[in-house]
Amino acid sequence: TVILYKLSPIIEFRGMGDASISGLSTSVLTASSFVAAVFFGNYFTKLKDFSPAASLLVGGLAFAFLGLASNIGMIFAGCVCCGIALGSLNPYFMSAMSDVAPANKMSFAMTLICVCQIGAQIVTPYYIAALSVIGIVDDQATCVVTAVILAAIAIAYLIRAIRKRAARQ
């Protein structure tokens, strides 16, 4: 959600395009997400436990592109990366739910995932406000901070996956 708050200001206020380019970049993100979701099965089969770490790293890369963008090509690259991250993380969490929720609670578990996604949308403006309170008000700086946070979370998932794989061997 952070990307949707910051994408248009980065594009329009930095002279990289107008409202139509902002809309096109959002469409690129959505299309990338759809394509990634279509290929999620192959992606998950290859990466297994490492798939959330890889998706979060791609998400971090997306925000790094946006945070460092000086041209529209970098913006579109960031949108493609963000779409890939979202298109692979959402199906991952949906499929992971089947590992932890009993069959008779699956509907509730899926509802809980949706509620968490909506909760993230609600929290996003507060996250951005908290960054501004500590002095991070620039749109691109917000993206860089978000990239670092996603990279840290990805590293935690990577460590978890390595430990999980070691425990199975």
Side-chain angles (χ1 to χ4, degrees), residues 1-44 47 51-96 110-158:
T1 309
V2 172
I3 196 166
L4 297 177
Y5 276 88
K6 296 299 180 179
L7 194 55
S8 288
I10 291 170
I11 292 170
E12 294 177 39
F13 297 152
R14 302 221 188 253
M16 291 185 244
D18 57 14
S20 64
I21 297 297
S22 294
L24 179 61
S25 62
T26 303
S27 297
V28 166
L29 189 155
T30 302
S32 301
S33 180
F34 175 76
V35 171
V38 167
F39 292 105
F40 173 75
N42 293 333
Y43 170 82
F44 183 71
L47 294 179
S51 60
S55 296
L56 287 163
L57 283 173
V58 172
L61 183 63
F63 280 98
F65 272 126
L66 294 172
L68 303 173
S70 59
N71 59 59
I72 200 65
M74 290 179 75
I75 296 290
F76 285 148
C79 289
V80 168
C81 288
C82 189
I84 291 169
L86 291 174
S88 56
L89 273 174
N90 285 335
Y92 171 79
F93 287 123
M94 293 291 187
S95 69
M110 294 300 175
T111 301
L112 190 59
I113 287 176
C114 292
V115 167
C116 289
Q117 289 172 338
I118 292 167
Q121 291 174 358
I122 292 168
V123 169
T124 297
Y126 298 104
Y127 164 73
I128 293 169
L131 290 178
S132 68
V133 165
I134 61 171
I136 301 170
V137 294
D138 181 75
D139 296 318
Q140 287 186 293
T142 299
C143 290
V144 171
V145 170
T146 304
V148 170
I149 291 169
L150 287 175
I153 295 169
I155 290 168
Y157 266 100
L158 185 61

Report the distance from atom [atom1] of [X] to atom [atom2] of [Y], rounding to the nearest 0.5 Å.
X: Cys143; Y: Asp138; atom1: SG; atom2: CG; answer: 9.0 Å
X: Leu57; Y: Cys81; atom1: CG; atom2: SG; answer: 11.0 Å
X: Ile21; Y: Leu7; atom1: CD1; atom2: CG; answer: 11.0 Å
X: Met94; Y: Ile113; atom1: CE; atom2: CD1; answer: 5.0 Å
X: Asn71; Y: Arg14; atom1: CG; atom2: CZ; answer: 13.0 Å
X: Ile3; Y: Ile75; atom1: CD1; atom2: CD1; answer: 8.5 Å

Taking the side chain as every heavy atom from C-beta outward, state whether [X] and [Y] have any atom pair closer than 4.5 Å.
X: Cys82; Y: Leu86; result: yes
X: Phe63; Y: Val2; result: yes
X: Thr146; Y: Leu150; result: yes
X: Asp139; Y: Leu66; result: no

Apply side-chain contact (heavy atoms from CB on, under 4.5 Å) to residues Tyr127 and Val145 and explain how you reach the verdict.
CA-CA 11 Å; Tyr127 164 73; Val145 170; 3.9 Å; yes
For Tyr5 and Thr142, which I'm curious about, is there any donor-acceptor pair between the side chains at under 3.5 Å?
no
Given 3.5 Å as the limit, does a donor-acceptor pair link the side chain of [X] with the main chain of [Y], or not?
X: Glu12; Y: Gly17; value: no
X: Thr30; Y: Thr26; value: yes
X: Ser51; Y: Leu47; value: no
X: Tyr92; Y: Ser55; value: no
X: Ser8; Y: Leu4; value: no
X: Gln140; Y: Ile10; value: no

How about Phe44 and Phe40: are their ring centroids closer than 6.0 Å?
yes
For the student: nearest non-hydrogen atoms of [X] and [Y], plus distance:
X: Ala36; Y: Ser88; result: CB-N, 4.3 Å
X: Gly60; Y: Ala147; result: O-CB, 3.3 Å
X: Ser22; Y: Ser25; result: O-OG, 2.7 Å

Assess the residue pair Ser32 and Val28 against the criterion (side-chain contact (heavy atoms from CB on, under 4.5 Å)); give the C-alpha distance rounded to whole Å, side-chain angles, the decisive distance to 0.1 Å, and a yes or no.
CA-CA 6 Å; Ser32 301; Val28 166; 4.2 Å; yes
Please determine whether side-chain contact (heavy atoms from CB on, under 4.5 Å) holds for the pair Leu68 and Met74, giving the CA-CA distance in whole Å, both sets of side-chain angles, and the decisive distance to 0.1 Å.
CA-CA 8 Å; Leu68 303 173; Met74 290 179 75; 4.1 Å; yes
Could you go through the side-chain contact (heavy atoms from CB on, under 4.5 Å) check for Val80 and Ile84 one step at a time?
CA-CA 6 Å; Val80 168; Ile84 291 169; 3.9 Å; yes
